[in-house]
Amino acid sequence: MQFSRPRGTRDFLPEEMARRRYVEKVMRETFESYGYREIQTPVFESLELIAAKSGEDIVKHLYSFKDKSGRSLALRPELTLPVMRLYINELQRKPKPIKLYYFENCFRYEEPQAGRYREFWQAGIELIGTSYPEGEAEVIAIAVEVLEKLGLKDFELHIGSIGILRKILRESGVKEKEQGKILHLIDKGEREKLENLLKKLKISGENKRILLGILNLSGEKKEVVSKARELLKGRAALEEIEKFESILRFLDLKVQKYSLNLGIARGLDYYSGTVFEIYANRLGAQKQICGGGAYSLAGMLGGEETPTCGFAFGFDRVMLALEAEKEMNIDSKTHVLVVPVSESLLGDAVKISSIIRKSASCELDLMRRKLGRALAYANSEGIPFVVIVGDEELAKGCVTLRDMKTGEQKEIKLSELERIGEKL
RNA sequence: GCCGCGAUAGUUUAGUGGUAGAAUUGGGGACUGUGGAUCCCCUGGCCCGGGUUCGAUUCCCGGUCGCGGCCCCA
């Protein structure tokens, strides 16, 4: 092989592409059925935008470069930032809510492993301009609906609330910046470092007890919510629980199976309210196939602050999860192969192919195969019908249509050929 | 960034310190207008660089790529 693919990238062959396009279609149709409309942003953005709200670790994993004019650019590592940039640039004055969806490739410079590639695809939605619970609930429900439509069985939805955590921290006098650090430690599960930081920030024992108590709450809705209420009795964070509960009440109308985990923090500083993650457990280390929640980003990016929430599917992982679970026989094969019995009839075969294409996908044998070989080819490729173009039939204004499955043959008038697709 | 395993026709593989077979795929023929069988022919390969050696596809080192794990995961 002279040239090989760049590390961590993939070529997609026709069969896999057919499966990917099918899944993509289900996602698009679901998003659109809720009124989301597709947008597209550039593959690269200014490095400042991408790096703005990101820590060192994230910048380290960017594909970044300078263009010929010395501008610092980066390939997008995700789509929430570009989409919000687009919103601020173009859509701030449009009627709310604004519903956007995307299906795009992203790039991260990481060591490839199972379910992790340097070029990967994300499909997601952003709901901008409303923070009513029915909106947030709907966003979560859409993610679940997609997976259900795809027939994925083995997945778990986990819901948490960064809003509650932030409220507790704010009540304890922790500034925004420190909140980020704390949430990061929570996300990583670094309990020891977390306790040290809390000590350093002089969080009172009572507040610490409440925070750690909340973090440990996970499981069934009723239990988690009532325990959280008890912990937060008489505190401002109680109102966050109430909002959380009303989101869940709306969610319950559409999704029954989920668990709560108030220890979910998600990695990024801009998450502010309800957050959720979906896992396909059989994928192992890279099991998270979807992540999202409510966040505040418009203000940080220089726009007018507005509530937003959304999610992104790790498209490639959704594919892996589906393929691990079931056979996906989705392929778009040619319907008809046109074969002339002799080279002198090639011209007729070309014309006949064009006629057939008005109603069915059709390929002309381009290898000048003999009839027997052509039938073998149709058979091995799973092409269900062969149209044989021969002198004898042409003299009668006909061609022979062969059903490859049954071996049945019949003569068809050229005049009927145009609508042949309806009969196959 | 780190660790383990690996790399031989398009694919799956055998094998060797003296440059390699097989199966399968692909093209053609036996069969000059009828497929899934059979037989025959053809095409096609030792990841890259360095070292050891008379000689390396084989042994050693490095790289690249793949699979998987750690870190990380927006």
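Here is the naming used below: chain letters follow the sequence lines, and residue numbers restart at 1 for every chain.
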Seminar exercise, completed: By the Watson-Crick or G-U definition, both distances under 3.5 Å, B:C67 is matched with B:G4
Problem set entry | Side-chain ion pair, A:Glu111 and A:Arg118, N-O less than 4.0 Å | yes
Quick one: side chains of residues 125-141 of chain A, donor-acceptor pairs under 3.5 Å with protein atoms, not counting sequence neighbours, listed by atom name and distance.
| from | atom 1 | to | atom 2 | distance (Å) |
| --- | --- | --- | --- | --- |
| A:Glu126 | OE1 | A:Tyr295 | OH | 2.5 |
| A:Glu126 | OE2 | A:Thr80 | OG1 | 3.4 |
| A:Thr130 | OG1 | A:Tyr132 | N | 3.2 |
| A:Glu136 | OE1 | A:Thr274 | OG1 | 3.4 |
| A:Glu136 | OE2 | A:Lys243 | NZ | 3.1 |

Problem set entry | Gap in Å between the two P atoms, one belonging to B:U43 and one to B:C67, rounded | 33 Å
Donor-acceptor contacts under 3.5 Å from residues 337-351 of chain A side chains, at least two apart:
| from | atom 1 | to | atom 2 | distance (Å) |
| --- | --- | --- | --- | --- |
| A:Ser342 | OG | A:Ser344 | OG | 2.9 |
| A:Glu343 | OE1 | A:Arg368 | NH1 | 3.3 |

Exercise. Any chance CZ of A:Phe44 has more than 12 other-residue heavy atoms, nucleotides or ligands included, within less than 6.0 Å?
Worked result: no
Problem set entry | Between B:U25 (C1') and A:Glu381 (CD): distance, integer Å | 11 Å
For this session: Starting at atom CG of A:Leu375, determine the distance to atom C1' of B:U34, rounded to an integer number of angstrom.
Result: 5 Å
Exercise. Hey, is A:Glu148 close enough to A:Lys254 for a salt bridge, meaning N to O under 4.0 Å?
Worked result: no
Exercise. Which nucleotide in the list B:G29, B:G35, B:A74 gets nearest to the side chain of A:Lys370?
Worked result: B:G29
Exercise. Using the P atom in both, what is the distance from B:C40 to B:U24, to the nearest Å?
Worked result: 11 Å
Exercise. Partner of B:A14 by Watson-Crick or G-U wobble geometry, both contacts under 3.5 Å, or none?
Worked result: none
Using residues 171-178 of chain A as the side-chain source, report each donor-acceptor pair under 3.5 Å to any protein atom, sequence neighbours left out, with the distance given to one decimal.
| from | atom 1 | to | atom 2 | distance (Å) |
| --- | --- | --- | --- | --- |
| A:Glu171 | OE2 | A:Ala236 | N | 3.1 |
| A:Ser172 | OG | A:Ile168 | O | 2.6 |
| A:Ser172 | OG | A:Asn207 | ND2 | 3.3 |

Seminar exercise, completed: Sorted by chain and number, sequence neighbours left out, salt bridge (charged side-chain N to carboxylate O under 4.0 Å, His left out) with A:Glu16 holds for none
Exercise. What residues form a side chain to side chain contact (heavy atoms under 4.5 Å, CB included) with A:Glu305, not counting sequence neighbours?
Worked result: A:Ser296, A:Ala298
For this session: Tell which nucleotide pairs with B:G49, taking only Watson-Crick or G-U wobble pairs whose two distances are both under 3.5 angstrom.
Result: B:C61
Exercise. Base, sugar-phosphate alone, or nothing: which one does A:Gly8 contact when heavy atoms must sit under 4.0 Å apart?
Worked result: sugar-phosphate
For this session: Would you please name every residue forming a salt bridge (charged side-chain N to carboxylate O under 4.0 Å, His left out) with A:Glu245, sequence neighbours left out?
Result: A:Arg229
Exercise. Under the side-chain hydrogen bond (donor to acceptor under 3.5 Å, both in side chains) rule, what pairs show up with a residue in residues 309-323 of chain A, not counting sequence neighbours?
Worked result: A:Arg10-A:Asp316, A:Arg19-A:Glu323, A:Arg20-A:Asp316, A:Gln286-A:Arg317
For this session: Just grab all the salt bridge (Lys or Arg N to Asp or Glu O under 4.0 Å) pairs involving residues 183-193 of chain A, residues at least two apart or on different chains.
Result: A:Glu190-A:Lys193
For this session: Could you work out the separation of B:G50 and B:G45 based on their C1' atoms and round it to a whole Å?
Result: 23 Å
Problem set entry | Check ion pair A:Glu24-A:Arg28 (N to O, under 4.0 angstrom) | yes
Problem set entry | Between B:A74 (C1') and A:Tyr63 (OH): distance, integer Å | 16 Å
Seminar exercise, completed: Of B:C73, B:G69, B:G35, the nucleotide closest to the side chain of A:Arg402 is B:G35
Problem set entry | Atom P, compared across B:A7 and B:U16: separation rounded to whole Å | 14 Å
Exercise. Considering only the P atoms, how many Å lie between B:G28 and B:G33, rounded to the nearest integer?
Worked result: 16 Å
Restricting to nitrogen or oxygen on both sides, can you table the protein-nucleotides 36-38 of chain B pairs closer than 3.5 Å?
| from | atom 1 | to | atom 2 | distance (Å) |
| --- | --- | --- | --- | --- |
| B:G36 | O4' | A:Asn379 | ND2 | 3.4 |
| B:G36 | N2 | A:Asn379 | OD1 | 2.7 |
| B:G36 | N3 | A:Asn379 | OD1 | 2.9 |
| B:G36 | N3 | A:Asn379 | ND2 | 3.1 |

Exercise. Tell me: NE2 of A:His61 to P of B:A74, nearest whole Å?
Worked result: 12 Å
For this session: Tell me which residues in residues 105-120 of chain A put a heavy atom below 4.0 Å from RNA chain B, sorted by number, or none.
Result: A:Arg108, A:Glu110, A:Glu111, A:Gln113, A:Ala114, A:Arg116
Exercise. Which part of the nucleic acid does A:Arg368 contact within heavy-atom distance under 4.0 Å: base, sugar-phosphate only, or nothing?
Worked result: nothing
Problem set entry | Rounded distance (Å) that lies between atom C1' of B:C72 and atom CD of A:Gln288 | 13 Å
For this session: Could you check whether A:Ala378 gets within reach of a base, just the sugar-phosphate, or nothing at all, counting any heavy atom under 4.0 Å?
Result: nothing
Exercise. When you match A:Arg7 and A:Leu283 each to their closest nucleotide on RNA chain B, which lands nearer the 5' end?
Worked result: A:Arg7
For this session: Between A:Ser380 and A:Asp403, name the one whose nearest nucleotide on RNA chain B is closer to the 5' end.
Result: A:Ser380
For this session: For A:Phe315 and B:C73, give me the distance from atom CZ to atom P, rounded to whole Å.
Result: 25 Å
Problem set entry | A:Arg37/A:Glu32 ion pair, N-O < 4.0 Å | no
For this session: Figure out the CG/P separation between A:Leu62 and B:G1, and round it to whole Å.
Result: 15 Å
Exercise. In residues 386-397 of chain A, which ones come under 4.0 Å of RNA chain B, going by heavy atoms?
Worked result: A:Ile388, A:Gly390, A:Asp391, A:Glu392, A:Glu393
For this session: Looking only at side-chain atoms of A:Arg266, point me to the closest of B:G27, B:C72, B:A74.
Result: B:A74
Exercise. Can you list the residues that meet the side chain to side chain contact (heavy atoms under 4.5 Å, CB included) rule with A:Lys287, with sequence neighbours excluded?
Worked result: A:Tyr279, A:Asn281, A:Leu283
Problem set entry | Separation of B:G28 C1' from A:Leu371 CG (nearest whole Å) | 17 Å
For this session: Could you work out the separation of B:U53 and B:G44 based on their C1' atoms and round it to a whole Å?
Result: 31 Å
Problem set entry | Below 4.0 Å: OP1/OP2 of B:C73 and any side-chain N or O of A:His184 | yes
Problem set entry | Partner nucleotide, any strand, of B:G44 [Watson-Crick/G-U, under 3.5 Å] | none
